[in-house]
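By convention here, the first residue in the shown sequence is residue 1.
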Amino acid sequence: MKAEQDEDLLEEDSPQENGAETNQYSSVSPPSSPVAQDEPFSTYFEDKVAIPDNVSQMFSFRKLWAFTGPGFLMSIAYLDPGNIESDLQSGAKAGYKLLWILLGATIIGLLLQRLAARLGVVTGMHLAEVCNRQYSTVPRVMLWVMVELAIIGSDMQEVIGCAIALNLLSVGRIPLWAGVLITITDTFVFLFLDKYGLRKLEAFFGFLITVMALSFGYEYVVAAPDQTELLKGMFIPYCAGCGSVQLEQAVGIVGAVIMPHNIYLHSALVKSRDIDRKNKNEVKEANKYYFIEATIALFISFLINVFVVAVFAEAFYGKTNNDMNQKCNETGLLPSDLFPRNNETLQVDIYKGGIVLGCIFGPAALYIWAIGILAAGQSSTMTGTYSGQFVMEGFLNLRWSRFARVLLTRSIAITPTLLVAIFQDVKHLTGMNDFLNVLQSMQLPFALIPILTFTSMKSIMNDFANGMVWKISGGIVILVVCAINMYFVVVYVTALHSVLLYVLAALLSFAYLCFVGYLAWHCLVALGISCLDFGSRMQLSRHTDIYLLTDMDTDTG
C-alpha cells in the first residue's frame, strides 16, 4: 500500500476530470477514524455555504460575500483583550511612535493567515490534521501540548477581559470570579448559535466586531488625537527618544498580534465553503477571495487597534500617577489604592484604563470602553474555543459528541482562570497579562514552522505550493518573528531575579530549542535543502519534499 502511495506521489502529470485539470490530494486525505461513526462528524460547519457558480467575471461581489465569514472570525484574535491591553500600553508608554510596528505586525499576520487559508482550501484538511498525518507520534503529541498551552494562555486573557468588563459595567458589584463564571456560561450558549445556520453565527461575530468598532471609535472621536502625529507614527519607522521600555513594548506588540492558535483556526474555518477541490480553477478562485476577505477583515481590526493606541497616546502619554489622582478626585471614580501618590510614569491596564478614561472624558467613556472590552473578550473566547476543538480533533483524532467536545475544550482553561480570578485582585492583573503574552510568544514556532513546511511541499499543495519567493520571505518572516518573541521571553525571565528560576528556565530552554530545531530541520528539507535530507526514512531522492509522507501514522486507522 505504501509503495502504491509513493508511486502516485511521483507521477508528474495531473489527471483530467470533466475536461478540467485536477490536483492529486489523495496523499493527504483526512485520516479515517478507527471507530465507525453512526452520524456525520462536525465542529463548526454541518452545512457548507454554497458558492455561486453562474458568475463569469474576474471579480464578483456575490462570490466575495459567499466567502466572507472565516476571515472575520479569524480577525477576532487580533482584537482580543490581550491585544487591547498591548495597544493601550503602547500608547501610554510610547505615544504614537510604535504604530508602524503595529502596522508591520498586522501585514506579517496577513501573510501568515494566507498560508493557513491556502492549506485548508487546497488539502481539505486544517493544520492540526495535516500535522497528525505528517509527524510521528512523539512530535505530534508535543506539538499538541504546545498549541494547547497557547490556547489556554489566550483563553485566560479573554475570559479575564470579559470579567473585568462586567466588573466595570456593574461598578464593582460583579467580582472577578463571578464574571469568569458568567463568561464561561454564556460562551456555551453562544457557541450553539451555528445550529441556526452558519451564516447566522458569522453575522453574530460581525455584530460583535461592529460593537468594538463603534465603542473604540467613540473613544477615538472624544480623545481627538493629533492626526499628523498619528500618521507620522504609522508610516515613519523611527522611534525618537525611545529606550528599553519602548523596545520591550514594541516586542510585546508583535507577540500580541501574531498568535499561534489563530493559524490553526483559520486553516479550519475555510473548510466551511462548498469548494470542489478536484477543480483547480475553483481552488484558485477560493484562495483569491479568501485573501481579499482576510485583507478587509485585518484592515478593520487594524483600525480598531489604532483607535485604542491613539486614545491612550493622546490622553495618557507622559502622564504621572499624581496627574491621574488629581483628575479623578474631581469625579470620585478613582479607588483610593488604584494609583500611588507619586510622580512616576502612569501604568495602565484594561481595568485602570477604563477608570481613567471615565475620569478624563466622563462616565460615558468608561461604560462604552467596558462594552467594547466585553465584545472583544466574548468574541475571542468563542473563537478560542473553536480553536481548541479543531486542535484536539486534529492532533488526537477525537470523535466525541459536540457537547462533550465543547465541555472539554472549555474545561481546560476554567481551572487556571478561576484560580486567578479568586486569588488575584482586579486592580493588579498587569503582571499576569505579561506572563501570558510570554507564554504565547514561546508557542509561535509551533504554528509558523509547520505552516511554512506543509505549504512548501509540492506533494501536499501540488501546483499551489509556495514558490521560491514565498519560501525565502516566509522563512525570513518566521526567523524575525521568532527572534523578536524570544527576546521578549529573555527580557521577562531576566526580570525575575531568581537563581532557581534561571536554572529552571535554562533547562526548559534547552528542551524547547531542541524541539524547535527538529521542526526547523523538517522545514528546511521541505524547502528544498536536500543536503539535510539524510537517514533511512528519506530514500525518495527524486522528491525530497515528500519524505514526511513515508512516515504516516500507523495508529490512525
Side-chain angles (χ1 to χ4, degrees), residues 78-79 82-113 216-217 219-221 223-259 295 298-320 323 344-349 353 430 433-434 437-438 440-441 444 448 472-492 494-495:
Y78 292 74
L79 297 168
N83 274 284
I84 300 300
E85 180 153 341
S86 175
D87 293 338
L88 65 88
Q89 290 185 358
S90 171
K93 294 178 180 178
Y96 304 101
K97 299 175 184 177
L98 298 181
L99 279 173
W100 63 276
I101 298 286
L102 177 63
L103 176 61
T106 304
I107 293 174
I108 291 174
L110 174 62
L111 300 180
L112 294 172
Q113 300 298 158
F216 299 132
E219 309 284 356
Y220 181 84
V221 171
D226 187 326
Q227 301 300 310
T228 302
E229 290 299 315
L230 185 147
L231 292 175
K232 285 170 58 179
M234 188 180 300
F235 295 109
I236 299 178
Y238 183 68
C239 189
C242 292
S244 59
V245 173
Q246 287 75 23
L247 178 60
E248 292 175 20
Q249 190 57 48
V251 173
I253 291 173
V254 178
V257 169
I258 304 173
M259 306 180 73
T295 303
L298 290 189
F299 176 72
I300 294 173
S301 72
F302 172 72
L303 288 182
I304 295 174
N305 283 315
V306 168
F307 289 163
V308 179
V309 173
V311 167
F312 282 80
E314 185 69 25
F316 307 129
Y317 179 54
K319 298 294 191 300
T320 65
D323 293 335
E344 293 181 4
T345 304
L346 181 68
Q347 300 290 329
V348 291
D349 53 27
T430 300
N433 190 70
D434 292 340
N437 281 336
V438 170
Q440 294 176 80
S441 297
L444 267 174
L448 304 189
I472 295 174
S473 59
I476 293 174
V477 164
I478 289 175
L479 281 176
V480 170
V481 169
C482 291
I484 288 175
N485 285 281
M486 286 307 298
Y487 171 81
F488 190 25
V489 172
V490 170
V491 168
Y492 182 82
T494 53

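- Interatomic distance, E85 CD to F312 CZ, rounded to the nearest 0.5 Å: 9.5 Å.
- Note: I253 CD1 to L99 CG = 8.0 Å, rounded to the nearest 0.5 Å.
- Y317 contributes atom OH, which lies 3.5 Å from atom NZ of K97 (distance to the nearest 0.5 angstrom).
- One N or O on the side chain of T106 and one on the backbone of L102 form a donor-acceptor pair closer than 3.5 Å.
- Taking OH of Y96 as the reference point, atom CD of Q227 lies at 7.5 Å (rounded to 0.5 Å).
- Residues satisfying the side-chain hydrogen bond (donor to acceptor under 3.5 Å, both in side chains) criterion with N83, sequence neighbours excluded, are D80.
- Closest of all the heavy-atom pairs between Q246 and K93 is NE2-O, 3.0 Å.
- Residue S86 holds its OG atom at 9.0 Å from CG of L98, rounded to the nearest 0.5 Å.
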Distance-only check: which donor-acceptor pairs under 3.5 Å involve side-chain atoms of residues 298-308, not counting sequence neighbours?
residue	atom	partner	partner atom	Å
S301	OG	L298	O	2.8
N305	ND2	Y78	O	3.1
N305	ND2	S301	O	3.1

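- Rounding to the nearest 0.5 Å gives a distance of 12.0 Å between CD1 of I84 and CD of Q89.
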Distance-only donor-acceptor pairs under 3.5 Å for side chains of residues 230-241, two or more places apart:
none

